[in-house]
S.K.: 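Can you keep this structure in mind? I'll have questions shortly.
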Amino acid sequence: MKLDLWLLDISYDVINKDIPEIRMWGITPDGRRVVVLDRSFRPYFYVVPKTPEDAGKIAEVLKRRYGDRILKVDITDRKYFGRSITVLRITCKIPAHVKFLRDRVKEIPGIADVLEADIRFYMRYMLDNNIYPCSWNTVEAEEVPNKENWQVDAVYLAKQPPLRSEREDIPKLKVLAFDIECYNPRGTPKPDRDPIIMIGIATNEGDRVILKADDLNDLNIIREFIALVRKIDPDVIVGYNSNRFDWIYLLNRARRLKIKLNISRANSEPAQSVYGHFSILGRANVDLYDFAEELTEVKVKTLENVADYLGVKKKNERVLIEGAYIYKYWDDPDKRSQLEKYLLDDIESTLGLSEKFLPFAIQLSSIVGLPLDQVGSASVGFRVEWHLMRHACELGELIPNRIERPYATYKGAIVLRPKPGIHENIAVLDFSSMYPNLMIKYNISPDTYVSPMDYRGEEDVYVAPEVGHMFRKYPDGFYRRVLKRLLEARKAVRSKLKDLEPGSPEYRVLYERQRALKVIANATYGYCGWLGARWYKREVAETTTAWGRHTIRDTIDLARKLGLRVIYGDTDSIFVVYDKAKVDELTRIIRDKLGLEIKPDKIYTRVFFTEAKKRYCGLLTDGRIDVVGLEAVRGDWSELAKEVQEKVIEIILRENRVDRAVDYVRDVIRKLESGKIPLSKLIIWKTIGKELEEYEAAAAHVSAARKLIEAGFKVDKGDKVGYIIVRGSGRLSDKAMPYIFVDSIDQVDIEYYIKKQVVISALRILEYFGIREDHLISEKRQASILDFF
DNA sequence: GCCTTGAAGTTACCG
DNA sequence: ACCGGTAACTTCAAGGCG
């Protein structure tokens, strides 16, 4: 029978010792949860002989030595960086044999390279058969008995691999959000010491469950959790930071209590896998934190902050509990209900975030081809790489190995020195997808590169400005083909969007799709200059930025020739005094002469620059204030300093009243002096960017982190530490105290907050208008300093 | 021994 | 574990001065 399958998850196992069985877990159009098996596919890899003539001999050696593992050896032709080469394709019985052979085979004389031997079997299957997760696939299959008692409506055996289908809808997925709370009287909870005290579950079908431990015995809630997940049988399980915390903790506790966390559709435990995610067979386990990380507007990415920012659950409409004190709410019978409410708010927030992030995750998965549970935990580089691998396979190009490379840099983009002060009526003209379009235009790709050694003068090449690298004009390079497809696909999706009702489910799907396409296109340049990339080529990255500099310089010259006054520019944008006719003319010439698109992106009624590059603020024509690069948008300044700068900017841009801005700042300083500013606004957050032992300098956040560790808390690389500067002597770093240890404003070094936070962030703007520190510090304070002397 | 200065270390931003 | 360009902070050691 023919079967349509929306692919949710894919796995494999080896049956009868030597048959690899691909398992495609998915959903049918009538809403059944099924698994389709395919036993017809075998793993393989390639061997590149030093000379094509050696191929036959190598094949003989391979078969003689490893005949028990090798099914067959084919000598065939493939493309490698655009060139046709002869390779041996070695098909093995089971995936483990590829791993076994790939290192041993290298020892055989006459072998230049081993390729595609590091690709997971189920990815190999999807790659070769052009099967995409989170997409519809059609397969000819027959139903077989559910021998293993998997949690599905039916098991099918495929007669041949599925084919991608045209259907674009997304089936209704059953989503389960969960969160755990642990007992933590001694700092960060440890699974070998501290039990789980509560587990919360929420589903998109309205279920809300709060499980509670029997005092400090968590055996029953873990059992109940397992039973509940199985009963609800979700397609997607979401958590917040679940791959780095909840699953590890749950598995650890379960192991200690000698129970199995068998919640997968194959009745197995979550298992840690590639990119650090936990795989739950037959379901998609998605850690929403991975997607929250991309929200640069939220600086401290706690669940509360992210949910608040996205309007999922406002902070003032929920229970907030300081994480370190959770145990107190458990121990105190009067407070325990608050903890329950807190957990309920958390799981509802998590569920709410899934509505915000899953549509994008699904599109990303269907574009780059990584399963839904992996696509979030894979870094940007790996997402781009899988997208490239998909296309390489389709184009018959061999996939290069990941190799270690020595450190190397190259020149990047141009940033213009801004003209300081206030400018009125400024248009920001932006190139659309500049780097991808330049890579397409000049056919910049590893396979079209012509080294000076190889260049004989007869080839038609583009020569890059400044750096002189050459790239063949034809045929189309790998990056050109891939990027063209991406940009064209995005264009097509966007034109479809125009005919849809914003707010409709179809609109949402396509909107997220075009967004995912854009993200991948824009990250491809960065990828090609990444030392860890399979398709790394310094010349490719270097040439792209060289053409970028050339293009923006030409654009500036042209703009000036047309009589446009250029006040600033960065990489792919120029800020000009807005004259519609001249801007239209510029746009037209760039389109006709360069084949690139430049258009007004934003228009500022007024915009303010200091001497610094990459930092400015402006009043947009729609009345909104835009702050770029300044303290107000940085995560490593106190809320107070940011708020002050924001208000100052607002007063200057909207009212143009320096005196009022000064009054405002002085008022804030008075409040600070009289203890009327809440401690929460004084916290400074900074990321621990490396292992604590590796720090050479005594930095404030590191010192605060050490104080946390002293008190039993765990601080890992990548964590953000929040601290307050308290009174005392010595270096600033000595006075950095984790905020949870500060409970009174009397402990705070008010002087620091005045001079190094409020005044500095205010003067960043006001200095241009002739204001200095002593204008901002109130008379009372000055008097007190005088008195002191 | 104290103060100034500039390099180094560090983070987070822009596009 | 995506790039380079940039600003800005604190620390720290060297250099200058007396």
Side-chain angles (χ1 to χ4, degrees), chain A residues 274-276 294 296-297 299-300 377-385 387-388 402 404-405 408-418 428 430-435 439 519-538 540-546 548-549 552 568-575 601 609-616 626-638 641-642 684-690 694-703 717-718 720-721 725 730-736 752 755-757 760-761 763-764:
Chain A
V274 64
Y275 314 123
E294 284 154 38
T296 50
E297 300 89 335
K299 308 298 171 180
V300 184
S377 44
S379 69
V380 175
F382 289 113
R383 292 178 196 170
V384 170
E385 189 149 277
H387 178 248
L388 292 171
R402 188 179 301 291
E404 228 175 294
R405 299 184 169 89
T409 55
Y410 59 90
K411 210 164 144 198
I414 292 181
V415 188
L416 299 188
R417 197 175 302 287
V428 182
D430 255 5
F431 278 96
S432 331
S433 303
M434 185 198 239
Y435 284 165
M439 291 170 86
V519 164
I520 295 300
N522 286 344
T524 301
Y525 149 71
Y527 168 85
C528 79
W530 172 40
L531 286 172
R534 290 175 192 266
W535 277 278
Y536 168 82
K537 186 126 194 94
R538 197 202 77 231
V540 167
E542 201 168 34
T543 297
T544 305
T545 56
R549 295 191 296 275
I552 202 77
Y568 179 63
D570 185 349
T571 313
D572 62 351
S573 70
I574 57 170
F575 289 50
D601 174 44
F609 282 95
T610 64
E611 306 256 306
K613 297 170 175 180
K614 295 188 184 278
R615 319 183 103 213
Y616 55 90
D626 200 18
V627 181
V628 179
L630 293 163
E631 284 75 4
V633 295
R634 290 182 63 100
D636 55 353
W637 286 78
S638 64
K642 302 204 301 180
I684 296 163
W685 293 90
K686 272 198 171 80
T687 307
I688 298 294
K690 46 187 178 183
E694 291 171 20
Y695 280 95
E696 296 175 44
H701 65 305
V702 177
S703 148
K717 185 157 85 169
K720 272 204 158 69
V721 173
I725 300 299
R731 299 168 297 191
L732 186 69
S733 55
D734 298 322
K735 304 194 284 174
Y752 170 80
K755 290 200 165 159
K756 299 291 182 174
Q757 292 277 323
I760 289 197
S761 68
L763 281 185
R764 190 79 60 213

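Convention: sequence-line order gives letters A, B, ...; per-chain numbering from 1.
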S.K.: If you assign A/Gly526 and A/Trp637 each to the DNA chain C nucleotide with the nearest heavy atom, which residue ends up on the more 5' nucleotide?
M.R.: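 Result: A/Gly526.
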
S.K.: For C/dC12, take OP1 and OP2 only and decide whether either is under 4.0 Å from a side-chain N or O of A/Arg731.
M.R.: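 For A/Arg731, the contact criterion (side-chain N or O under 4.0 Å from OP1 or OP2 of C/dC12) is met.
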
S.K.: With nearest nucleotide decided by heavy atoms, which residue, A/Leu531 or A/Ile414, maps closer to the 5′ end of DNA chain C?
M.R.: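 On the 5' side of the pair lies A/Leu531.
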
S.K.: Which listed nucleotide (C/dT11, C/dG5, C/dA8) is nearest to the side chain of A/Ala612?
M.R.: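 Among the listed nucleotides, the one closest to the side chain of A/Ala612 is C/dA8.
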
S.K.: Look at the aromatic rings of A/Tyr568 and A/Phe575 and report parallel, tilted or perpendicular, splitting at 30° and 60°.
M.R.: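 Plane angle over 60°, so perpendicular.
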
S.K.: Rounded to the Å, how far apart are A/Tyr275 OH and C/dC2 P?
M.R.: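 For the pair A/Tyr275 OH and C/dC2 P, the rounded distance is 11 Å.
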
S.K.: If I take atom CZ in residue A/Arg538 and atom P in nucleotide C/dG4, what distance separates them, rounded to the nearest angstrom?
M.R.: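 The distance from CZ of A/Arg538 to P of C/dG4 comes to 11 Å, rounded to the nearest Å.
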
S.K.: Looking at A/Pro418 and A/Phe609, what are the two nearest heavy atoms and their distance?
M.R.: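 Closest approach of A/Pro418 to A/Phe609, heavy atoms only: CB-CD2, 3.4 Å.
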
S.K.: Would you give a per-nucleotide map of nucleotides 10-15 of chain B, 5' to 3', where B means the base has a protein non-hydrogen atom under 4.0 Å away, S means only the sugar-phosphate does, and - means neither?
M.R.: SBBSBS

S.K.: How many Å lie between NZ on A/Lys613 and P on C/dA8, as a whole number?
M.R.: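 Rounded to whole Å, this separation is 12 Å.
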
S.K.: Using a 4.5 Å cut-off on heavy atoms from C-beta on, say whether the side chain of A/Asp570 contacts that of A/Lys614.
M.R.: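 Contact flag for A/Lys614/A/Asp570 side chains = yes.
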
S.K.: NA contact type, A/Ser733, heavy-atom cut-off 4.0 Å: base, sugar-phosphate, or nothing?
M.R.: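 Counting heavy atoms under 4.0 Å across all strands, the contact made by A/Ser733 is with sugar-phosphate only.
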
S.K.: Quick one: A/Arg534 CZ to C/dC2 P, roughly how many Å, whole number?
M.R.: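 One finds 14 Å between P of C/dC2 and CZ of A/Arg534, rounded.
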
S.K.: So which nucleotide from C/dA8, C/dG5, C/dG4 ends up closest to the side chain of A/Arg764?
M.R.: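 The answer is C/dA8.
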
S.K.: Decide whether a cation-pi geometry holds between A/Lys735 and A/Tyr752; the criteria are a distance under 6.0 Å from NZ or CZ to the six-membered ring centre and an angle within 45° of the ring axis.
M.R.: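 Because its charged atom misses either the 6.0 Å distance or the 45° angle limit, A/Lys735 does not stack over A/Tyr752.
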
S.K.: OP1, OP2 of C/dC2 versus side-chain N and O of A/Ser379: anything below 4.0 Å?
M.R.: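 A/Ser379 to C/dC2 OP1/OP2: side-chain N or O found under 4.0 Å.
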
S.K.: Among A/Lys642, A/Lys299, A/Arg764, find the one that has a salt bridge (Lys or Arg N to Asp or Glu O under 4.0 Å) with A/Glu631.
M.R.: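 Passing option: A/Arg764.
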
S.K.: Who passes side chain to side chain donor-acceptor pair (under 3.5 Å) against A/Thr524, sequence neighbours left out?
M.R.: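 Not a single residue meets the side chain to side chain donor-acceptor pair (under 3.5 Å) criterion with A/Thr524.
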
S.K.: Reckon A/Thr409 touches a base, only the sugar-phosphate, or nothing at all at heavy-atom distances under 4.0 Å?
M.R.: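 If one applies the 4.0 Å heavy-atom cut-off, A/Thr409 turns out to touch the sugar-phosphate alone, with no base involved.
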
S.K.: C/dC3 P sits how many Å from A/Met439 CE, rounded?
M.R.: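 Going from A/Met439 (CE) to C/dC3 (P), I get 14 Å.
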
S.K.: Decide yes or no on salt bridge (Lys or Arg N to Asp or Glu O under 4.0 Å) for A/Arg534 and A/Glu385, but give the supporting numbers first.
M.R.: CA-CA 8 Å; A/Arg534 290 175 192 266; A/Glu385 189 149 277; 3.2 Å; yes

S.K.: Round to the nearest Å and state the distance from A/Glu611 atom CD to C/dA7 atom C1'.
M.R.: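 In whole Å, C/dA7 C1' lies 13 Å from A/Glu611 CD.
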
S.K.: Calculate the interatomic distance between A/Glu631 atom CD and C/dT6 atom C1'; express it in whole Å.
M.R.: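 The answer, rounded to whole Å, is 13 Å.
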
S.K.: Using whole Å, what does the distance between atom C1' of nucleotide C/dC12 and atom CG of A/Leu732 come to?
M.R.: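 Rounded to the whole Å, the gap is 14 Å.
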
